[in-house]
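Let me begin by presenting the structure, written as structure tokens, before commenting on it.
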Amino acid sequence: MKDIIFTGAAVAIVTPFTEEGINFCELKKLIDFNIDNGSDAIVIAGTTGESSTMTDEEHREIIRFTVEYVNKRVPVIAGTGSNDTIYAVELSKYAESVGADALLLVTPYYNKTTQNGLVKHYNYIADRVNIPIILYNVPSRTGVNIAPETYVELAKHPRIVATKEASGDLSAIARIKSLCKDHLSIYSGNDDQIVPILSLGGKGVISVLSNIMPKETHEICSLYFEGKVKESCELQTKYLDIINSLFIEVNPIPVKTALGLMGYNVGPLRMPLFPMEDKNLEKLKIELKNNKLI
């Protein structure tokens, strides 16, 4: 069995911006808020962190800063995926050099690739780093899906240890578990499927919800691992409405808006993302009030 990077709830943390760049002072507050309230790992520069609109310099600096500021309190997982294999290697090697504990590598987007290409792409990166890799399967964004049989091939590499599964296909995830067994850890990439994926042997979640409710997201996982499955299920269903409200528009628009309403200076969304439509903003506010967040 391969080493497990974390069990529980990792936050896919937002990036607070100013008009000039990254607001590192506010990022400290967000990191502390999560660690103080039970988040089990920090994922920096992922989709929720708007990494796709960061400059190369910003991407590298936010990884370095987060590793140094977290200072081993929890694992730091750096988003270093790209549709350019060579650039993904360069960024991954940089993240390793500054002390990241693991890498999160999204499937190649836009140009995409075949299933054989996925195996070649990921193995090429994994051969050139020395820290664990979490694959990230989110076909709704990338247009490419990792097939269960492809996971079997990928899991043969000693540094490919886990996947963040955001396909939403529980049947496929069950098959991945059946085929890969303990050679690949599975994390939910969808907050509305934490308990279902835990029930299939998952190790936790890489969460958007944790940005605003880190304690509660952690508890969904910890209760399950303690054998309190009924209580875990009750929390999963209790928070379904707030979870759904965070995806009423494309992520991270709602969660970043929510943090702003909660008093965090997360700054503007970067184009092409824009502020929420009024009707959706009102729905989000209702759920934040229902959960006593504002």
Side-chain angles (χ1 to χ4, degrees), residues 9-31 33-34 37 39 42-55 58-59 62 79 106 109-110 136 138-143 164 166-168 188-194 205-217 220 235-294:
V11 59
I13 203 163
V14 307
T15 300
F17 289 118
T18 66
E19 294 298 337
E20 290 74 37
I22 296 170
N23 185 339
F24 288 104
C25 289
E26 202 67 13
L27 181 58
K28 286 182 180 180
K29 296 178 185 177
L30 295 174
I31 291 170
F33 171 59
N34 270 272
N37 286 279
S39 286
I42 304 288
V43 175
I44 193 69
T47 303
T48 308
E50 297 176 83
S51 59
S52 58
T53 51
M54 288 182 189
T55 66
E58 287 174 331
H59 203 146
I62 199 170
V106 70
Y109 42 85
Y110 188 68
Y136 180 16
V138 57
S140 65
R141 282 186 179 267
T142 65
K164 175 185 177 182
S167 66
S188 176
N190 295 325
D191 287 310
D192 61 350
Q193 293 184 336
I194 301 172
V205 60
I206 296 177
S207 170
V208 174
L209 179 65
S210 285
N211 279 282
I212 61 171
M213 302 177 74
K215 180 175 182 291
E216 293 83 352
T217 315
I220 292 172
L235 287 186
Q236 172 79 89
T237 54
K238 177 181 178 180
Y239 299 130
L240 275 179
D241 287 341
I242 185 72
I243 289 168
N244 290 336
S245 75
L246 294 180
F247 294 90
I248 199 168
E249 291 187 15
V250 68
N251 179 50
I253 295 173
V255 70
K256 209 166 186 185
T257 303
L259 283 165
L261 293 168
M262 291 167 62
Y264 288 96
N265 183 22
V266 292
L269 294 150
R270 283 195 168 171
M271 292 174 64
L273 301 184
F274 281 89
M276 294 184 74
E277 297 178 11
D278 289 343
K279 63 178 181 179
N280 291 331
L281 178 58
E282 289 308 309
K283 292 176 182 178
L284 176 63
K285 286 180 177 177
I286 288 169
E287 289 306 322
L288 292 173
K289 289 175 182 175
N290 287 343
N291 287 275
K292 298 180 173 56
L293 296 171
I294 60 173

Taking the side chain as everything from C-beta on, heavy atoms only, tell me whether I212 gets closer than 4.5 Å to L246. yes
A9 to S210 - nearest heavy-atom pair and separation: CB-OG, 4.0 Å
Please confirm whether the backbone N or O of E287 pairs with a side-chain atom of D241, one donor and one acceptor, at under 3.5 Å? no
Going through the distances and angles, do N190 and V208 end up as a side chain to side chain contact (heavy atoms under 4.5 Å, CB included)? CA-CA 8 Å; N190 295 325; V208 174; over 6 Å; no
Within the side chain of N34, is there an N or O that forms a donor-acceptor pair under 3.5 Å with the backbone of S39? no
Between Y136 and I206, is the side chain to side chain contact (heavy atoms under 4.5 Å, CB included) condition met? List the steps. CA-CA 10 Å; Y136 180 16; I206 296 177; over 6 Å; no
Looking at residues at least two apart in the chain, or sitting in another chain, which of them share a side-chain contact (heavy atoms from CB on, under 4.5 Å) with S140? V138
Please check this pair: side chain of T15 against backbone of G49, looking for a donor-acceptor N/O pair closer than 3.5 Å. yes
Could you tell me whether the side chain of N251 and the main chain of F247 form a donor-acceptor pair under 3.5 Å? no
Would you please test E50 and K256 for salt bridge (charged side-chain N to carboxylate O under 4.0 Å, His left out) and show each step? CA-CA 10 Å; E50 297 176 83; K256 209 166 186 185; 2.5 Å; yes
NZ of K283 to CG of L288, rounded to nearest 0.5 Å, is 14.5 Å
Nearest-0.5 Å distance that lies between atom CD1 in I253 and atom CG in L281: 11.5 Å
Please round to the nearest 0.5 Å and tell me the distance separating atom CD1 of I243 and atom CD of Q193. 10.5 Å
Checking side-chain polar atoms at under 3.5 Å, does N23 have a donor or acceptor matched by the opposite partner on T18? no
Please find the pair of heavy atoms, one from N265 and one from P16, that lie closest to each other, and give the distance. O-CB, 3.9 Å
Test side chain to side chain contact (heavy atoms under 4.5 Å, CB included) on R141 and V250 and set out the steps. CA-CA 10 Å; R141 282 186 179 267; V250 68; 3.6 Å; yes
Nearest heavy-atom neighbours spanning N211 and A12: ND2-O, 3.0 Å
Working to the nearest 0.5 angstrom, can you tell me the gap between L240 CG and S245 OG? 11.0 Å
Between I62 and L27, is there a side-chain heavy-atom distance shorter than 4.5 Å? yes
How many angstroms lie between CG in L235 and CE in M213, if you round to the nearest 0.5 Å? 9.0 Å
Approximate separation, where rounding is to 0.5 Å, of L261 CG and I294 CD1: 5.5 Å
Keeping T48 on the side-chain end and I13 on the backbone end, is there a donor-acceptor pair under 3.5 Å? no
Where do I22 and F17 come nearest, in terms of heavy atoms and distance? CG1-CE2, 3.9 Å
Identify the two heavy atoms, one from M276 and one from P254, that lie closest to each other, and give their separation to 0.1 Å. SD-CA, 3.8 Å
Tell me the closest heavy-atom pair linking G79 and H59, and the distance in Å. O-NE2, 2.7 Å
Side chains of D191 and I220, heavy atoms from C-beta outward: is any pair under 4.5 Å? no
Can you check side chain to side chain contact (heavy atoms under 4.5 Å, CB included) on I42 and V11, steps first, answer last? CA-CA 5 Å; I42 304 288; V11 59; 3.5 Å; yes
